[in-house]
Each structure stands twice: as structure tokens, then as C-alpha cells.
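Notes follow the structure.
Protein chains get the first letters and strands the later ones, always in sequence-line order, with residue 1 at the start of each. Computed from a predicted structure; not experimentally measured.
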Amino acid sequence: MREQPLKEVTQLIHAIKVGMVEGSYSITNKTLDIFKYIIMSKSWQNADELMRIVRAQSRIMQAALPQETVTSNIARRILKLTREEFDLLHAKIQHFADDSQASLSLHKLVTQTSESNVSVDYSKPQQGLREALLDHLQEVETELETSSENICVQAEEHIHSSEIILTLGHSRSVENFLKRAIKKRQYLTIIVAECAPSCRGHNLATKLANDKTVDIIVIPDASIFAMMSRVNKVIIGTHSVLANGGLRAACGAYTVALAAKHYSVPVIVLAPMYKLSPLHLCEQDAFNMVGCAEDVIPYDSLPAREAKVYSPMFDYVPPELVTLFISNTGGHAPSYVYRLLTELYHPEDLEI
Amino acid sequence: MAQFEKEIVQAVLIADNNVWNFKPLSDDNSTALLPLVNVSMLDYALIALNRSGVEEVFVYASLFLQNIRDYIKQGIETYASWSFKMKVQVIGGEGCRCFGDAMRDLDAKALIRGNFILLGADTVTNADLRPVLEQHKRTAKFDKGAAATLVFKQCSNNLRTGNELLIALDNRNDRLHYHQRLRMNQRETRFPIPLDIFLNNSSVALHHNLLDPQIAIGSPSMLSLFSDNFDFQTRDDFIRGLLINEELLDSRIYVALLPPTQYAHKVNNWLSYQLVSRDIINRWAYPLVPDMGVYKLQQEYVFHKDNIYKSHDAHVPKVALRENVVVQTGSHVGTGTVISNSVLGANCRIGKNCELSNVFLMADVTILDGCQLEFCVVGTGATINENCIIKSGAVIGNKCVLPAKTQLAKKLVSAVKPSQEYVLETIGPHAYIISDSATDDPGDSDNEDLLPQQTQCIPKMGDLPSHLQPEDSDYSSSSEEDGSRAPTPLPDDTNIFLSEVVDSLTRGFREKSNPDFLILEINSSRYAYNMSLKEVNFNVVKAVFGMQSIREPANNNVLGAINAAFKQLGTVVSNYIKSPDAMLDCLKALEDVCEENDLVREKISQVVHYLYDKDFVTESAILAWYNQLDDEEHATLKQSLTKLVDWLNQSSEDDDEEDDESE
Amino acid sequence: MVITSEQVPQSASESTSTDPGAPKRRKPRQRNRPRNKRNRVEDKEIETVQHSLQMETSIPTVKKLSGQSTHESALIAATDKTREQIMAEREAKKQAKHNKKNQSKTVPTPPTTKIITEVEQTTITTRLTTTTTTTNDRQEQLATTVAAAVPTKTTSVTSTTTLELGENTREKIKAEREAKKAAKQAVKSAKVSGGNVDAAAQKLANLQIQTAGATEAAESEKKKPALSKAERRAIQEAQRAAKAQGKAKKDTTKTLTAGAPGSQAISPPTSTIGSKEIKRDNDSPSKIEGSPVKSVPSKTERDHNVKLFNHLLCTSKDASQFINDPLVHPSMARLGEQYAKRIVVGSNARCIAFLNALRQVVQDFETPAKKEFGRSLDVTVKHHVDHLHKCRPLAVSVSNAYKQFKNQLTQLPVDKPETELKDLLSHFIDTYIENQIGKAAQAISGFLQEKITNGDVLLTFGCSSLIHYICEEAKRRQVAFRVIVVDSRPFCEGQEMLRRLSADGIPCTYVLINAISYVMPEATKVLLGAHALLANGYVMARTGTAQVALVANAHNVPVLVCCETHKFSERFQTDAIVYNELGDPNELVRSDKCCLLNWQTKSRMTPLNLNYDITPPELVSAVVTEVAILPCTSVPVILRIKPEIGY
Amino acid sequence: MPEIVEKGEEFDVVTYFLQLLDNDKDMSSGIAAIKTLLMILEKKQFGTIHILHTTMREAVAAMRNTDLSIAAIVSAGELFCRFITLSLDDKHMEECRQIMLHRGKIFLTKLNNSRQVIAQQAQRFICDGGRILTHSRSRVVLKALITASKNKKSFHVYVTQGGTENSGDEMIKDLKAAGIECTLILDSATGYVMESVDFVMVGAEAVVESGGIINRIGSYTMGLCAREMKKPFYVLAESFKFSRLYPLNQRDLPNEYKYSRKHLNDVAKVHPLVDYTPPAYITLLFTDLGILTPSAVSDELIKLYM
């Protein structure tokens, strides 16, 4: 990395590493703040420079925290925004309308005219761009804040009364979603797989159990399959959604999805927009992230030291195992994710 | 001491420890900068402090002060993760020779304002020290004389690295009473523990499986204590001194044990270096693992299966890496080479068809084709030419150049020709084998933990003993899972039991202690080893005869000895030998004894008769025993007994009466 | 302080406890295991109790008379008996000689009947005295254990059993002594009424039969013909004998009085049963103590039941309900306890343990008066099995073994004497263990050996003795393979598996079950143990197995289920919920700071701890049995030909 | 001026087309077709758009009559026609012809380096030490593999023979030349090899609206196997191969796609040359428009033709 990281960026990275900032929502928020700060700063004169800075910083973050895809997602959003705003202003000046969202497509390929294929040069200064960006950022922020809420409101549409729902681990959006559902519907039974070794499922269970009208069953991960035969719906959160509609979700999600498939139980995944990342699952190893061996088996148990002990954090869930995505903009089929992505990010920003 | 609000947490980091153990790599750089899994030890320590919320750190160095200064500076520039929210200062002077001096110096400088964390630069831990600090503060509230809280880690590791401890502490207030390091080379069979510890304290707990990661929480008084007594050279001196004359100095030491989930270990020699490297690579010290970008901002490695950490731009074919390997950037490995359980520093070049296992390469090492390395360390910039075979704990110093076909084992090789007396052999223009014995005055290194027994030689790397002695089965939990076939249980339980009984009996005999206690002891050990009653009977008798006094009795008067013994221990024996079968066991035991102790064998008939007289065994038992003795095996025994037996047969009644009278 | 100082070596040795051994080692181990768990305080207690007993036994006879507490007095009684019996014995001998001397003069006239009855009485009284004494000091000892903070059952058993040994011998000896006395009296009377000696000898003989332990004395008697020397001595001792005998009388009476309360407590029993009975109702209170105080009050338990599983009885841990049943043989009682406490787990282990216990029962079984051996035994065994079922639902392996045993009973020949039948049965049990478990395992591993080849990566789940055996075998054949051990909370049996495998030097990888998709790509074969194989080809095994099979299928890894045919079951089942076993929900609580702690307080929230799940046959590539490698679907076939297997 | 101009010295579409292909073995028939059409556009004068269209259609038809498998040609032709219609506006015929020619050039250049783009995209999926199965010969796949091996990735490639004309052998030859280790296997060995490979990577002659592909016979089988063995099935195809066709199954596939010209009159005896692989069996499509899921294809086509 030739570019020097900003102080804020390094601090954020450290905070995330140490675990002071956790949960993709808060990470996203913090990242957004940083970019906001960058935009407000006078360090750039034109869109081009801005984009370069953003790229650089997000690249640094990516290198430091390859697992936290949300940071680069936000960066992409920013870049897209800049482009759009720029084009808009540009268009205002010389009446030239460019179908901004139409990315690199067959249509474009065919209709390319000489002038349109030389890409817009962003380097020419554009007054009012900063302001435009800032208030556009406002929208993004609000979207971020409301995303969880927007997902919750759809709870009624997906859960009927006296359903048996299975979930895994503890995802913030799932928690809210289920709470909403519990409020609206009676006699729900919620089965929570504990998701060892961290067993965050326990927290979720205790959080939900405050309500009288719902039955909470906590099961070890081993009995997922056994219970699945009675489950009507599987509702899980995810760490991020990949370009092909696959998931990178908490470890164990794959088994859940597979079991659900086996009993043909619909699998609903709650994924706010900022978790959509235009990446494909390439080399398995880089994809995953392995935690502490200590969690799995105590260090003092001597045989453990002879053996290799893994506690991976994520599972890849292929799209065909997912029935439905619920994002803050509504429900989507996994096969439609690509579209969302093209709307969300500019194709030239896919590789930052 | 009473703290005002908002006191900043300070820590003292003692650099360059155990210089001697890391020869020759410690010759031209500080041990604190010795890379462990490609991250210098100093970083580990600093990160540990940072993670436990320390705000100000004083790195105290005496040797290579400048290097450390530079290193810290550079670290801060490259956003080393410890540089956040933590102020790091390097202090120290060439003058200071040992830990004690450092402490005194610090006291003089008066930098420490409150309780502080005291850490060796060679400590690797992921522990959060805040709770320990709190604990120390609490104890300090109650006990103004609380000088320090030592932090230990429980570890059932059957490998000695020189950090193992035996301590006695008051398990009500965790106060340290006794502190002894365990020997590294030959295992102790018994520990002398001053009796008064038990006399003066109502409850004492002994911990014999502790590891000393060189972490301590110090009160300001600790420093002053050092400056007051100049004989305190090392931390151990300090502890010893305080323990010996507590009331004199009116200050006490407390102990805190780390929770089992937290990792802490000290790298004080190559052996522990190897051990800790393995643990780090196996992710026991998480998050202090290579792929978490421990101290760099960026992540350097990609984690692959089988604990392979490969840098993004290392040109190493997958097939070359077996398991537990870390490969730094820019390293290149030739075809046909196989690497396992090793660490490759930056820009290492390894030729074709080499075999590396348990090898630790620093940066810029070049290894040419066909070499075989195992259990060795190769310093920065060293070059190893074709077809060398290096193994079992050899250490190749920085910039060494080994000529082709060199074969080394257990040797330390240094590039520069050191002062004469070390050099054993010269194998090349840039390779001198130097002596690894630390016999010379260890004072010249900061002998913070140079233990007397370490002066024999520097512990080497080697094949770590398998941790799996059958006896450490921590989980019988599902042991019943097993139907008929399981690892056969350890046979020597009974022997341990026997030896213990012998011990307690001999002691009891010597100290004329109350038989009740002896019985109690025996019972307890009986339960400990889960002996059946039969075995107990058998062993007790065996033990009685196995006692020193009977094995080598004064002027070979066995009977006398036995008589004496039984006078003292009769009650004990009779307590076990009641039923006929017990008597039979007893006699069988005797049988065994005869095998070992010929004095007894000669006098066997008398012995038996003695037992009979003293009513330990009945006539019927003796007869039964006699009958079941088979003729060829115990011919001598039998014929020596015949007399007794038929005498019994007839004259039973007579001595019966005597017995009746004597009752 | 001495004690505390002792703790260290002790604790050390405890941490390094003995580890699983062959079945012969089983019993001690079972006793040993919970010891590790037990807190040391009450460990000491026990010892002190023990020790106090022993001390008192060794108090010189002078002090004896000053017995305050019933406990001590009882002991004293016991102790001075130990002294007396020696004397008594000797007297008896003298008497015997005496008779022999008088033989010549005596005139044969047979009033035998009366004498015999007399003998009977004496023996019975002795029984009573002995038993009562034992009860007394036992209860004392229990009292102390009760005082001790919740001792686990097994400790008290160890202590009691150790005592028992002592007791038994003491009883024997006493009995013996009484016998002698009886004999003597008999002889006297014989002398008076000119009773013939053969009668007396006869009586002595059958007395000896009754009172084991008297034998060698009897031997000596028989061996001693009327030697002239002996005779002379005998004469000169006559009066001393009289004196001694008087003394003996005295303390029998004493013991009788001492024993009085105890004796009416028990209905005067027949010899062997009687002693057993006492042993039982001595053990029971201790066991009740021993059963861990389950924090789950039964009511909260009830409204915390998962609706889906209301039909499954959650094995109630209330020990008393299945302990103090007078008709249960101690070995069975213990086994039941071990089942309930999950000390004996794994269908093989459970089966073997059951059979061993069964052997005990058979050995100690006595046909009630004019009952047919097979039938009555069948009844008792049935009762025992029910008892076990109460403790924990029977494993399929066990119930199968039981079935086999039953039809063995029906096939028993009628004409043979009881002892022979017993031998027959125990032999049957041995063969069953040998064939169904031992041989089967060998056969199965034999089948699998050619399936395990160099470079294989076996993936296994939980801990299965069979699979461990197979791996050992493969290792012995120097196959270069490694094993991935998949484990799951809360049982974590995989850790045990890992321990054993790495003890054999097999390279292992250890993951929890939700990480299985991470390791599955490496795996080349999946080996699974089974609890049972159902008739519709479904595999019933430790919960999680199905998941492993599922993921394996998703990765096209062949799944082999290893299962001896004695685990095959006629049951049909299609999901894990109809029939299953609920473990203790508290096991899910990880630590005291786990938020699941005291879940009972939370409304409507239940940790659910299923024991088994059902793997559908389509997920299983093959079942490896000792018969052959089969598809799941051919289980019924095996079931059909099952009787021919093994024996 | 009147349209009878230039009717003379007939510019023969087919010969031109064929010789284009001869000159450059690596050129795909699609590109050739478009080149030819452009050439026509250049060479000829058109009075009206109608005429233009007709000529184009004729040209396409002519090219279809050649012996090559037509899928690519058809799609390319359609694309070009579309291109014309889109770029036509009510300007004077002549100038918009100029525009067309200009755009055509750009269009062509884009198409030409599309392979390069695709190869780049495929890189991250070709992992070191992997094993790849591919079906007979595809220029795109070849390019992708070669680029991969260029940046220090070692992997093994299994190549199927690919029916009667053993195009697999050529593939092997090329790979060997590029220093990639590879094995030639029978088409019928697909199922056997599938177990051991990491993923399948095939080219395509046409990508149809469903997102499925039309490719040399055997691809379908391969897809089925891949699905059964849960291996990813990647397709590499340039965007001009997208064609507006929606085959329901093999039978529904038009004959002229399946059979070469000469057999068309009776197809009872002969083997089809291509088969249709439904989208369900395809994991991803690598195109110069980016990495697409099958469902994205129809999206593209819709955008173009609506």
C-alpha cells in the first residue's frame, strides 16, 4: 500500500481488531463516518481525487480486515454516489443525459457511440459536488439506520401464528425480526441452535424468552437435523451476501440450510443491503477465518495439543439452499441478487 | 496504595532477558527483537500490554539499547497495533546489569506512580491483565505491605522448560508462602517444604503444576524494596528475600492464577521457543496468530488448512508445505522440497529437494539444494550450502556460511570469531562452533532467570515428548463408551502406592508418629490409587518389610529390626491384617519379600513364627499358605518352613494358651 | 494440616486418574471415576470414619466394657468376637478330641433329631447377632457419611464394601465359632444320652457346609486322629475348656442383647438372603444421599417440558425411586445408578455391564422353595430389567441381550442341578459377550481394513469403541491415515475419542459439528458408530450423526455405519422425535457465567438435550456388520436370520 | 441516386467469410460473421433501410449455409442487425452508414478483446494445485488457462476428446505447448473423472435466453455429472454469443443448430453436433460483461431487444 492510511482509518482498524467495534452494522456506521469525514475534508478538489482517496483508504481497510466486506461495500457505494452526482451536475451543465445506471451491458456494447465510450473524465472540477454528496450521504445514513427496522416490518408477511421457527446463533436483525413476529403472532415456537463454540444462541434465547407468549427451545447444534423435521421455517442472519446469492454466514449455517433442504423447509435470510458484496467465492481458504482453538477444546487437555483443532467462523451457503432474502428494500430471490448489485455499485468499482 | 481517580495504567517491560540462552543469535541483537513466528518478542509483550489497557509502557533495556529505540520508533511509524492508545518509552542504561539494577534505576527515575504491570519482553500471552491488576489493588487495600502479585498459569505440561514452579500459598488470601522452581533436567522425586508453613497457616495449598510467564503486578513499594536491598539481583531473589524475612521487610507477595482459557508462556530458551511457536501456529494464543495481522496494520498471511500460513506474495507451491508452516513474504521454495512445522522468515530462498521439519529460519536465509534440517534455528542472512545435515537443536548464527556437506547436531555456530575460550572448532571462514555451556559467570547476561541448574547447558530444541502418558486421561467422562478394549491401564499404580506407603511408614517409624495418622495416610493414598483391600493388605506388609531399617538392618539383625518395626507399626499392620484371607495376603507379601531380601529369607521361619506369636497371622492361615506354596518354585522357602509347620501342627495348643494368657 | 498437605500428592494422582480398562477392570474404575469429581472434604470424612472404626477395633480388650455409643459397643462386640473365635475354635477342637477319646465307651442310641434342631437354633441366633452388629456399625458409618456434604454414591459403596469384606469374614468366623459351640453341646448331650458319634460328626459336617470358613478348622479336625499326645493334652485341658466355654457363653449373650433391636428390625431371614437383605437396606440410604441433588425441582421441570416431547419421559434423576427396592440385587442397583448417571454409556459398554451384573444375579440367585429354577429366575431378572429401564431407557443392545438370555432360560434343561444350570447361564453370558461384541468387532474391523488405505482421511463423530478399535487395527497395519474427530456439545465424547486415537499415535483433527463443512472436503470416508439399526434401515445414533451423514452426502463422501448385529432392532421409526431419550437440559449450560444459567426462571424457555437422532438410509452408503457390508435396507434380512448369528 | 449502382462485381459473402476463418484459426465464427457483415456494409450502397436489412439477412443466411455449426453465426448476425436498427435514426442514409461503420469498428474491437477480459475474470477461480475438467476445445477456455499458468499457477487439466473430430487433441497440444499438465480422456469418462476434479470449465457456441448454453455435444452430460457430484460448472462465453433462443429441451433445439448442412434433409441417422445445457446446471457464466449468473443473461438480452 503506497497510500498512507488516515489516522481515523487506522484507529478504526485497531478498534475492530481489538473487538471494541463489532457487528457489521456498527462497523458500517463507523466506516461511513470516516468517508463522510473524508468528503467534508478539503483534501480533494475534484471527483477524481476524491475517488482516488476513497479507493486508497478502503483498500487499506480491506488489506487489514479482509473479512469485513462491509467496509469496501460502503466505499463502493460512495464511489457510485460520486459518479452519479458528478454525472448529474455534468448533465445539468451540458444537456447530455447518460443512462447512469446502465452499466456495462450488451445494450451499451451495441449502442456505444464514439463519444460515450470515452469515459466521463471526473477530473474537471465540479462545484456543488461536495454538498450534493453530503446530503446524498445523509440518505445513505438514514437507510442504514432504518434498515433493521425496515426488515422487521416484513415479519408479519412471512410468519403466521403457531409456527415453529428455527434460527442459528445470534444475529441482531434476526432478533428484532423475531421480536416483531412474537408481538404480532401467537403461539410461536422458536428453536434456537446454540452455535458452538461461542454459543451466542444462548443470548438470543434469553433475549427472546422475556415474552410470555412464545416457546423458546435451545438445542445444541447436533440436534438441528433431528428437530428440522418439525420446523416450518428457518430464519437466519448472515455475515455477507455474495454476488451469486450465496451466503457467508455463521459457522453451522450450511448444515442448517442443508437440513432444511432435506426436509424442504424454506430458508429465509435477513440481509440488509449493505451486506451485499459483489464478490464471488473463489479460493476456499481465504474465504474463511479460523478462530481460537481454545474455545473448542481446552489447552490443558493434552491430546488436544497433538491434534489440529479448527474453529472456523464462517460457512459458505450456496444460493440453491437459500429460499429468500429479506433486505430492507423487500424480499428477493437469490437469483436476483446480481441485479441488486448492479443497481448498488458501479461495475468499474467492483475491484477497488 | 490509595489511588486518586483516573490513574493511568503503567507497565514496565524488561527487555533482553536470558541473553545467554539464545546464543549466538543474542550476540548481535537484543533478544527482545528475536523474531518468534516472524514477529519480534517485544511486539508480543507490547501487544499483551496494549490489549489489557495499559496506557504507558517503559521498555527497559540495557544491551542494544539503540536497536530497541529504533525498533519502537519504526513500529509507531508503521502503525504497529500496540502503538494505539499506548505510550511507549525506552529507557535504560548500559550500566545496569540485571533485573535488580533495572528496578533500582526505575525507582531512582521515579517514573512509576502507582501499581504497575511488570512484564518480561519474552512473555507471550493473550491474557487480559486488568482483573489481575484489580485483584492486586484490592489486596493492597487490605494489606499495605503487598509488594507484588505474581501471575502464574496452571499448565499440566509434562515438559520442563525452566519455568515450572512449585508454590505454597494460603488459599484464603492467595498469599505466597513458598516458591521453588522445578529442575529442568532431572525431575525431583520429593520436595522439601518447610514444616512451619503448615504449622503457621491453617490452610495451605500447594501447586506443583504452575508455569511462570514472568508477569507480575508491582506496588510502588516493590521498587523501593529493590533499592533498599542491593542483594536482590533477580526477581527470584526478590521473592526469596521477601519470603525469608517477611516481617523484617514487612511486605508480602501474593499470587494470581490466570484463568485456564488464557494463554501465557515465557520464551526463555530454544526449547520454549519451539514450544511457543507451535502453540502460536496452532492458534492457542489466539488472537496472537500470524494471520490476524498481529502487529502490522495489514494482514500478511492467508490461513490455509493444516495451519499453513502463507504470505500473499510468497512463491511456494502448495505441495511443499505439509503442516504448521509459516511462510513470510518473498520466500521462495524449490521443487521437491518438503517443509513441516517450520517458520520461514522474509525472503528466504530454499533450494530443491530439501527436508525441513521444526526449523526456524530468520529473514534472508539461503538454503541450497538437498539439505536436511530438523530442530534447528538459522539466523538472519545465514547461508547453508548443498547437502548439509543439521539437526537436534543446532543454532546457526546470523550471517554464518556453512560449507557444503556440513553435518551438525547440538552445536552453536557463530559467524564472527568470538573470544578464544568459547571456540571449540572452526568449520568455515564464517562458521565457528562455540561452546554452549553457560559455565562462565552468568552475571554478564541479565540473569533474571538463570537458574542454577541451567548452568549445565542451554536447553535445546528437540522432539517434544508426546503429551500422552496413559495416566493423563482428563476425561473418563465417556470412557465407559469403550466396550472391552481400551488402552490397558497403567500398571505402576500399585508401585506408586507401595512406595508411598513405604515412605509414610518409614517416616512414621522414624518420627514415632501416631499410627492413626499412618493408617489415615495409607488409606488416603489407597483411595488415590484405588487399591482393592487385598492389594492394600499385601502392600502394607510388603512396605513394612521394605523399610530401610529392615532392608539394611544394623549388624544384620533382621529379627531385631523387624521386632522394632512391629513394635512401632504393629497397630497399623494389625489394622489391615484381620481376616484369614488378609493373613494369607500378608504371608504372600512375605513370600515376595523373601525374593528381594535374603536376610529375611534366611530367617523366614522365625519371621513367620514371630508374626504368629504376635497374633498377626493364625496357625490356620500359615498352614493354608504353606499348603499353597508350590514345591519347585519356593522349594527353599518350603523346606525352611517345614519345621515350623509341623511344630505348629502339634504344638498349636501350647502357644495358643500362652496367647490366651498374654491377651 | 497434615491432611491438607497430603492433598497435593492426592490431587495430583487424582487428576491423573486411571483410564478406561478392560471389562475386568470395569468395576474398580466405575468406583474410581466419580471420586475424581468428588470434593475432597467429604473424601476425608469417609477416611476418618473408616479410620475411627479401625482404631476402635484395635483398642485393647480391657477398655471394651466401657462402650458408650451403640456404635462403639457394636464394634467392641465385633472385635472381642474376633478374639474369642480363636479361642472358641480351639476349644471346639479340644472338644472334638475329647469326643474321639470317649468314643470307645459310648453306646450307640440315636436321639439325633433333637440335637439337630438345637444346632439349627444356635446357628440362627449367631446369624442374628452377626447381622445386627453389622447393621449397627454400618448405620453409624452411614450417619457420618450423611453428615458429609453429599457424598457420591460410589464412595459410600467403596467404604461399605471394604467394610463388608471385614464384616463377612467376621461373620464367618463367628458363625464358625458358634458352630463349634453347637458341636460341643451336641457332643455333650450325645455323651449324656449316649448319642452316637457319627451323628455328631455328621452334624459337624453339615454345619461346616453352612458356615463357610470353618472348613480348614474342620480339616484340621479330620486330620487329627486320636493321637496319643493330643489325647493326653486334651484330658489335662478339660477343665480349662470348661472355663473358657463359660466365658464364651457370656459374651454370646452380650452380643445377643446388643443385637436385639437390630434383630427385630429385620424379619428373621433365611441365611444367605438375610445377610443380603441387610446389606441392601444399609446401602440404600447412602445411595439416596449419594444421588446428586438435581437443581431442577420437578414442577418447574414439568412446565419447562418441550411440548413436542411431552410423550418422552425425561429420565427422572430422583435416585430413591429406583434404589430402595428390596428385591433388586446390589450389582443391578449399582448398574442402574451408573446408567442413570451416564457413568456407563455407549451401547456396547451398557450391554457388557448389564450382562456382568446379570451374571452376578444368576450366581446369587436361589430358587425359592418348590419353585422351578428357570421360571423364578426369569421373574427376578425381569424385575431387574424393569428396574434398569426405570433408571434409563434400555439400550437396544441391552434389550436384545436380555431377549437372548430369556430364550436361553426357556431352553434350560430341567433335570440338571441348579449349580450346573447357573454355570450354563454364565457360560452363555460369556459366549454372548465374546461373540456378539468381541468377535463381531474383529469381524467388522476385518471388513473395514481393506477399505482403509494409505492417505485416507477418516471422519468420525463422537466416540465409538468400535471405530476406535478399527483405527487401532489399521494403525497396527501401518496404514498411513489420519482421522478427523467431529464432536458436539454437550456430551463432548469426541474428546475421549481424540484422546484414545492420539494415544495410539494417529494424527487427528478435532472440530465441533458446526464446523463440519470446513473439514468435510478433506475427508475420504465417514465412519459412524450406531446406537441401533432400526428395521426400516434407519440408523439410530448419538444426536448429530445424521447431520454428519447429511453433509458427507453433500460432499459425496461415502458414509459407513459400523454396527454389530446385536444392536439391530425390530422397531420402526422415521424421525427422532417419536422415540428418543431426553438428557439433562442443564448440561447445555456451559459455565456459571453462561446466560442460560437458571433458565428455569425464564418463562417458557427450555434447553433441549436430545440423546439420539435418526439417520435416513439414503444418507448412508453402507452398514458394516460382522455378517457383511450391507446396504441399510437389508436390516430386516439380518433380523430374519439373526438367531443363527453368533452362537 | 438509383439503387442499381454497384450491382456488378459480386462480392461473395461466403468466400470472404470462410477465408477470414482460414486466415485466423483463432477467430470465432461469430466475429467472422460480424466482420463480413461490416464488410458488406462498407462495400455496398443501400437505398433504403429495407434493402439493407434484406441484404444483411441474405448474408447471414448465406453464412448459415456453410458447414460450420451455426449457433454463433446466428447470434452474431442477430446482434448486428439489432445494432443496425438501434443505430439507425432518421438521418440521411449515407451518413448514418458512416456512423454505423464507425460504431462497427468500435464494436468489433470490443468484441475482439472480449476473450482477454473473460480470461482475466476467470483467473481468481483457477486456484493453485487445482484440477479442472474441460470439454474438447474452446478458445476462450484455452486462453483463460494459459493466462492462469502464466501467473505462476500450477494445475491439471482433463480434456475430453470431444466427439468425432478429435478437437480435444488440439486442445491438449495447445495446453502442452503452454506448459500446462493435462490429460486427454474419453467423452464417456466424464463421470469417472468428475469425482476428482475441482470444477468444470467449458466454452459455449451460444448462450440462450434461459441462461442455458448451446455447446458441442457432451456438454449437457458434463453438466449433469457436475451437478450430481456437486462440482461448479463454469461457462466462458463472449457476449456476442447471446442469442434470442429459448429451447425447452434437446428436441426443441432447431435442427440447423444440431446438424450440419448436409445432413439436414434426414437427421434420423446422424449424431447431433451440439446439445443444450439448461441453466440449472450452470454455476456461473464468465462473459466480457462480467461474471453473470444464468438468470442475468436473460436480463441482458431483454435490455438489448426490448
Let me know if D:I291 has heavy atoms under 4.5 Å from chain A in its side chain, its backbone, both or neither. both
Would you say CD of D:Q120 has more than 12 non-hydrogen atoms from neighbouring residues, nucleotides or ligands within 6.0 angstrom? yes
For the CZ atom of D:R124 and the CG atom of A:L279, what is their distance to the nearest 0.5 Å? 6.5 Å
Say you draw a straight line from CZ of D:R227 to CD of A:E320; how long is it, rounded to the nearest 0.5 Å? 6.5 Å
OH (D:Y234) and NE2 (A:H280) are apart, to the nearest 0.5 Å, by 9.0 Å
Would you give the length of the straight line joining atom OH of A:Y336 to atom OG1 of D:T293, rounded to the nearest 0.5 angstrom? 11.5 Å
D:E195 atom CD, over 12 foreign heavy atoms within 6.0 Å: no
Closest non-hydrogen atoms of D:F125 and A:L281, given as atom of the first, atom of the second and distance, are CE2-O, 3.8 Å
Nearest 0.5 Å, what's the CG-OG1 distance between D:D299 and A:T342? 7.0 Å
Would you say A:S335's side chain and D:S295's backbone share a donor-acceptor pair under 3.5 angstrom? no
Who are the salt bridge (Lys or Arg N to Asp or Glu O under 4.0 Å) partners of A:R76, not counting sequence neighbours? none
Just to verify, what does A:F325 make a ring-ring contact (aromatic ring centres under 6.0 Å, His included) with, not counting sequence neighbours? none
